[in-house]
Structure formats: C-alpha cells, structure tokens
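Here is the naming used below: chain letters follow the sequence lines, and residue numbers restart at 1 for every chain.
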Amino acid sequence: MTEKIRVRIAPSPTGKLHIGNARTGLFNYLFARHYGGTFILRIDDTDTERSTPEAEKAIFDGLKWLGITWDEGPDIGGNYGPYKQTERFDTYKDALNRLLEDGHAYYCFCSPEEIEQKRTTAEKAHEIYRYDNTCRTIPLDEARKRIAAGERAVIRLRVPEGTEANFHDLIRGDIEVDSETFDDFVIAKPGGAPLYNFATVIDDHLMDITHILRGQDHLTNTSKQILIYRALGWDVPKFGHFSLILDTNRKKLSKRAGAVYIGDFQEQGYLPQTVANFIALIGWSPGENKEKMTMEEMVEAFSMDHVQKADAVFDPEKLKWLNGVYIREMPLENLVEAVKPHLRNAGFEVDNVDQEWLKKVVFLEQERMRLFSEASELFDFFFKEIPYDKSLLSSKKHSDDELARALEQTREQLEGISNWDKEELENLCRSLASQMGWQGGDLFMPLRIAVTGKKATPPLFETMEVLGKELSLKRIDKAIQSLKK
RNA sequence: GGCGCCAUAGUAUAAUGGUCAGUACAAGGGGCUCUCAAUCCCUAGAUAGGAGUUCGAUUCUCCUUGGCGCUACCA
C-alpha cells in the first residue's frame with residue numbers, strides 16, 4: 001500500500017463503549033499502526049436526542065483503558081476538525097445546498113404520518129415499500145417558498161431509476177445489491193439536520209478517510225452512502241465490514257450475556273491487555289498458532305487477510321483463562337494493588353495491615369486467580385471468621401471422634417512448635433500422621449478445613465504459615481468443638 | 001416478507017485443488033501432589049446437505065438448509 005492510510009472509528013455517544021465497537025476500534029487502530037497510517041476518533045452525535053456527555057467520556061475512557069490511542073480526535077484536535085458532528089452542521093448545510101441546487105436532492109413535504117400509512121398499507125398488501133416520489137418534481141424555488149411560509153420538509157436524495165451501487169469489500173469481496181431496492185431516501189431532517197448516512201459521507205470525505213472499516217451491520221448503509229458520494233461527485237473510499245460478535249446463544253451480544261461493555265470487564269477485574277488481546281482474536285487471527293500477544297505484536301501481525309467473514313461467538317470462559325495467564329505473570333506488587341479494591345469492596349481490611357503479609361496472601365492465590373473479582377471469595381478466610389460446618393469436616397475413612405482426637409493431638413504438638421514456618425509444620429504433621437498410622441492426606445484435609453473452612457486452598461502449610469500460629473490454633477480448637485457436638 | 005452477508009469439532013481459529021484437516025479454550029482420562037490451582041501426557045470431537053467442474057474439492061460454481069444483519073424523518 002503506497003497511499004497514506006487514514007482510518008477512523010465514529011461511535012455515537014449514546015451509551016457505554018460496547019465490546020463490538022471496541023473491537024472495531026481496535027482493528028482500525030491495528031490497521032493504521034501496521035501500515036503507518038493515521039487513526040482518527042470522531043464522535044457521531046447527530047442524534048442529539050440520545051447523545052450524552054457521559055457516554056462520550058465512557059468511549060474515551062474505554063478506548064484508553066484498552067490501550068488504543070488516536071492521532072486525531074475531539075479531545076486532541078487535528079487538521080481535519082472539528083471531530084464532533086454537532087460542530088460540523090455548517091459543512092453539512094453547504095453540501096446539502098449543493099445537492100439541492102444540482103438537483104441531486106429535493107425537499108419532501110410528506111408528513112411522517114403519511115409515509116407511515118403508506119408503509120403499512122404496502123406491508124399489508126405484501127408489497128415492498130419504497131418512497132413514491134410524490135415530491136420529486138416540486139421545483140426548488142417553490143419548495144423554498146413553502147418552507148419560508150412555515151411548512152416542514154425533509155431532504156431526499158434523488159436516486160435515478162436502475163441505479164446500481166455494487167462495491168468491493170476488503171473482507172467479503174464483491175457485494176452486489178439489487179438496484180430495485182433503492183428509493184429516494186431521506187438525508188436530512190426538517191431544519192436541515194443531517195441524518196447519519198449523509199453526515200458520515202461528508203465527514204469521511206472531508207477527513208480524507210481512505211478505508212472505512214466497520215461492523216457488518218453497516219453493510220446495507222454502504223450502498224446508500226455510495227450513492228451520496230456519487231451525487232457529490234466524490235471518490236468512493238475502500239470499505240471493509242467486520243463480522244459481528246455473538247453471545248453463546250448465537251445472538252447479537254446483549255446485556256444478558258453478562259459483560260458487554262468495556263467498563264464491565266474493568267469492574268470485574270479483567271486486565272486491559274487481556275481484553276484487548278482477546279477481542280482481537282474474535283474474528284481475526286495472526287495466521288499462526290499464536291494467541292497471547294502484546295499490542296505491539298498484534299500491530300506487527302495485523303492484516304485484513306486473516307479477518308474472518310463469519311460471525312463469531314464471544315466465549316467468556318476463554319477470556320477468563322487468558323486473564324489467568326496474564327495474572328500469573330504479573331509482578332506480585334502490581335497484583336496486590338490490582339486486588340486491593342476488590343478486597344476492600346468485600347469489606348476486608350487491606351490498608352491497615354502488614355503489607356508484607358498481604359503480599360504473601362496474594363502470592364498464595366496468584367496462580368489460582370483468573371479474575372480480580374474472584375479474590376474476595378478466594379481470600380476470605382485470611383480476613384474474616386469462617387463458619388464451621390461439621391459435615392465438611394467429616395470423612396468416610398475416620399469417625400468424627402477419631403478426627404477430633406487426631407486434631408487435638410495435632411493441636412497439642414503445634415502449640416509447642418518453635419518455628420512457625422511451612423517446613424516445620426509439614427515435618428511435624430507428617431510424622432504425626434504416620435504415628436497415627438494415617439495417610440498424610442487423611443490428616444491434612446481436616447486440618448485444612450479447620451483452618452480455612454474450604455476443601456480447595458493453597459498448600460496447607462504455606463497457608464498456615466501465613467495465617468499465623470494464634471489464628472490457626474484458634475480455628476483448630478473451634479473445629480474440634482464442632483466435631484464433638 | 002424483501003435485500004444482503006455467512007457456514008471447519010461445543011467455542012475461537014489454522015491449512016491445502018491431492019499426507020492421519022493443525023492449534024487453543026472447554027470436555028473426558030492419567031502423571032505430579034496434602035486439596036485446589038499450575039504444569040505435563042493421553043483421548044474424544046469438525047469441513048451443514050446435495051449436485052457440478054476436476055484424475056482428485058473441505059478449498060472453485062450452483063442449489064438447498066440453517067444462522068445472522070439491515071429493512072427509520074436512529075446511529
């Protein structure tokens with residue numbers, strides 16, 4: 001590619017940053033970086049009813065969190081600004097006027113009610129609704145007079161009969177569209193506020209966008225936009241349409257699927273690099289057996305050749321696995337800091353405790369954690385009293401009485417231990433078990449449950465070491481009591 | 001309904017006009033081990049169906065079926 005590449009994402013600030021938008025953004029970013037092009041963020045806020053500043057901020061924050069940076073945008077400016085559509089209305093007005101003067105567009109005075117009625121009538125008759133061109137022949141000066149007199153009118157594009165709007169898609173190849181389906185569609189609301197398809201074309205052209213890479217849900221818009229490019233006499237950019245992300249029921253990813261907004265993943269304790277890495281893998285592969293990649297590696301490897309055509313299901317399980325991979329290789333200090341907010345959230349004291357101790361706690365769980373939000377459950381016995389469940393303690397091999405005696409004996413020996421560290425603990429418990437004629441595990445499991453309240457924990461003696469002598473003995477006592485009841 | 005897009009194991013994907021269709025997650029089994037995890041080994045599992053082109057198709061063409069998207073004076 002010799003031309004200077006310019007790509008953009010143009011989200012509308014009507015909600016939080018959706019994972020699909022984030023992926024489209026990421027692909028555009030990777031494409032731009034790979035080819036040394038420019039990546040632009042534009043805010044498509046022509047829908048003033050639904051656009052909010054909060055949503056706009058969520059988009060900025062979400063992209064930044066993922067590590068996606070842009071070269072031009074509403075917050076940092078650039079040579080092709082402004083980068084918000086609401087600030088470009090004059091530009092649209094000019095283009096609209098040109099189209100009107102040239103006869104490529106015309107005013108339409110049909111009311112929404114009339115249109116709606118015609119539409120339903122057509123549907124009832126099992127006919128395809130197309131605008132019936134009622135206002136197509138109204139001369140421009142007459143239309144202007146009527147508007148001046150207070151009538152409301154939208155602006156429609158004049159689409160010649162039999163017009164084709166086929167195009168070549170970078171991902172899908174040649175797309176052929178039945179020209180019968182076009183009608184004179186609306187490009188601006190009364191008052192001249194541009195509609196999405198129109199504003200987008202103007203902006204993409206004026207911002208010198210070379211490749212429009214977006215979701216497959218825009219595939220039908222593309223043909224309409226091509227008609228607008230032609231009416232304006234502009235070159236048509238290249239298009240590529242990514243597949244959609246589906247939930248595990250093969251439906252468009254919705255809130256029911258759990259996390260669908262980038263902020264959700266952040267809250268649940270996913271690492272940004274996990275999420276960026278993983279969403280890149282939905283619908284794209286580096287072409288070799290490689291999955292875990294840094295942003296730099298993805299930039300290096302990215303190519304439209306390996307972008308998938310078929311829709312892809314988002315698999316939350318694999319995301320968790322990947323996050324676990326990243327967590328395991330995190331420096332302990334970072335992990336401690338990452339986990340703290342989640343522990344605080346669960347009501348655990350993490351600030352006024354020995355930080356070295358906290359590090360040990362986190363270290364014990366590092367390879368067991370897939371999500372930061374799992375921390376509170378994994379760690380609870382380090383921070384709060386545990387419930388004693390006799391049935392959990394009981395085993396098939398030994399009676400409760402035997403168990404209680406064994407624990408009493410163990411407790412006694414533990415009491416006199418000189419160095420409360422994992423080696424000592426293990427040596428002592430092992431010899432105790434063999435004295436009793438027990439398998440190590442037969443003693444370790446009740447001990448584990450006594451000190452942690454859980455069957456699955458980090459290695460017992462390391463855990464006891466971190467728990468400390470006092471607390472460990474206290475818990476063993478309680479366990480003995482509950483066994484005797 | 002109309003228009004469009006898509007189709008490799010449960011999921012994400014790799015590959016070639018011609019070896020046992022490869023990898024990862026998930027699943028099952030095993031090793032290690034005080035449990036869990038991590039890790040290692042093993043197993044099962046896919047080219048939607050039907051025609052055609054071809055010496056040969058999972059790959060190219062067509063049809064069927066299925067899935068999805070769009071069908072606004074939203075974006």
| field | Length of the CD-P vector between A/Glu426 and B/rU35, whole Å | value | 11 Å
| said: Given B/rG22, B/rA12, B/rG2, identify the nucleotide with an atom nearest to the side chain of A/Val313. | reply: B/rA12
| task | In whole angstrom, give me the gap between the C1' atoms of B/rG4 and B/rG22. | result | 33 Å
| remark: Per nearest nucleotide of RNA chain B, the residue lying toward the 5' end, A/Glu317 or A/Val307, is A/Val307
| Which one is paired to B/rA12, where only Watson-Crick or G-U wobble pairs with both distances under 3.5 angstrom count? | B/rU23
| Under the ring-ring contact (aromatic ring centres under 6.0 Å, His included) criterion, do A/Phe242 and A/Phe27 qualify, and how do the steps go? | CA-CA 9 Å; A/Phe242 300 115; A/Phe27 284 163; 4.8 Å; yes
| field | Interatomic distance where CZ belongs to A/Arg448 and P belongs to B/rA37 [whole Å] | value | 12 Å
| A/Ala310, nearest nucleotide to its side chain (from B/rC25, B/rU13, B/rC6) | B/rC6
| request: Could you verify whether a donor N or O on one side chain and an acceptor N or O on the other, from A/His218 and A/Asn221, lie under 3.5 Å apart? | output: yes
| Any donor-acceptor pair under 3.5 Å joining the side chain of A/Lys309 to the base of B/rA7? | no
| query | How many Å lie between CD on A/Gln366 and C1' on B/rC36, as a whole number? | reply | 16 Å
| task | Scan A/Arg172 against the nucleic acid and name what it touches under 4.0 Å (heavy atoms): base, sugar-phosphate only, or nothing. | result | sugar-phosphate
| said: I need the OH-P distance between A/Tyr326 and B/rA24, as an integer number of Å. | reply: 17 Å
| Looking across every strand, which nucleic acid part, if any, lies under 4.0 Å from A/Thr457 by heavy atom: base, sugar-phosphate, or nothing? | base
| said: Please name the nucleotide paired to B/rG17 by Watson-Crick or G-U wobble geometry with both distances under 3.5 Å, or report none. | reply: none
| said: Just verifying a value: how many Å separate A/Lys57 NZ and A/Phe60 CZ, rounded to the nearest 0.5 Å? | reply: 10.0 Å
| query | Is the number of heavy atoms from other residues, nucleotides or ligands under 6.0 Å of A/Glu164 CD greater than 12? | reply | yes
| said: From CG of A/Leu364 over to P of B/rU35, roughly how many Å is that when rounded to an integer? | reply: 16 Å
| query | A/Asp169 has an atom CG; how far is it from atom C1' of B/rC5, in whole Å? | reply | 10 Å
| said: If the cut-off is 4.0 Å, is A/His306 near the phosphate of B/rA15, judged by side-chain N/O to OP1 or OP2? | reply: yes
| What distance, rounded to whole Å, do you find between the two C1' atoms, one in B/rG28 and one in B/rA44? | 7 Å
| Now, which nucleotide makes the Watson-Crick or G-U wobble pair with B/rC70, with each of the two distances under 3.5 Å? | B/rG2
| task | Please give the nucleotide sitting opposite B/rA7 as a Watson-Crick or G-U wobble pair, both distances under 3.5 Å, or none. | result | B/rU65
| Whole-Å distance between B/rC6 C1' and A/Ile175 CD1? | 10 Å
| 5' precedence on RNA chain B between A/Phe444 and A/Lys318 (nearest-nucleotide basis) | A/Lys318
| Would A/Trp70 and A/Ile40 satisfy side chain to side chain contact (heavy atoms under 4.5 Å, CB included), going step by step from the backbone distance to the final call? | CA-CA 6 Å; A/Trp70 47 97; A/Ile40 295 139; over 6 Å; no
| What integer number of Å spans the P atoms of B/rG67 and B/rC60? | 24 Å
| field | Short side-chain donor-acceptor distance under 3.5 Å, A/Thr24 and A/Arg214 | value | no
| Just checking A/Ile449: base, sugar-phosphate only, or nothing, at a heavy-atom cut-off of under 4.0 Å? | nothing
| request: Please lay out, stage by stage, how A/Thr134 and A/Cys108 fare under the test side chain to side chain contact (heavy atoms under 4.5 Å, CB included). | output: CA-CA 8 Å; A/Thr134 307; A/Cys108 167; over 6 Å; no
| With A/Asp184, which of A/Arg156, A/Arg130, A/Arg136, A/Arg158 fulfils salt bridge (charged side-chain N to carboxylate O under 4.0 Å, His left out)? | A/Arg136
| request: Measure up the A/Phe379 and A/Phe382 rings against each other and bin them: parallel (under 30°), tilted (30 to 60°), perpendicular (over 60°). | output: perpendicular
| Which whole number of Å gives the distance between the P atom of B/rU23 and that of B/rU43? | 11 Å
| query | Under 4.0 angstrom, heavy atoms only, what part of the nucleic acid is A/Gln308 near: base, sugar-phosphate, or nothing? | reply | sugar-phosphate
| said: If we check ring pair (Phe, Tyr, Trp, His ring centres under 6.0 Å) with A/Phe278, which of these qualifies: A/Phe314, A/Tyr326, A/Tyr270, A/Trp284? | reply: A/Phe314
| query | Base, sugar-phosphate, or nothing: which does A/Gly283 touch, judged by heavy atoms less than 4.0 Å apart? | reply | sugar-phosphate
| query | Distance between the P atoms of B/rG29 and B/rA38, in whole angstroms? | reply | 16 Å
| said: Under 3.5 Å for both donor-acceptor distances, Watson-Crick or wobble: does B/rC32 have a partner, and if so which one? | reply: none
| Does a side-chain N or O from A/Arg368 land closer than 4.0 Å to OP1 or OP2 of B/rA38, or not? | no
| query | How far does the P atom of B/rG50 sit from the matching atom of B/rU58, given to the nearest Å? | reply | 10 Å
| field | Sequence-aligned protein contact record of nucleotides 64-75 of chain B, with B where the base is within under 4.0 Å of a protein heavy atom and S where only the sugar-phosphate is | value | ----SBS-SBBB
| task | Using the C1' atoms only, state how far B/rA15 lies from B/rC32, rounded to an integer number of Å. | result | 35 Å
| query | Which value, in whole Å, describes the distance between the P atoms of nucleotides B/rC36 and B/rG30? | reply | 12 Å
| said: Nearest whole Å is fine: how far is B/rU35 P from A/Phe381 CZ? | reply: 16 Å
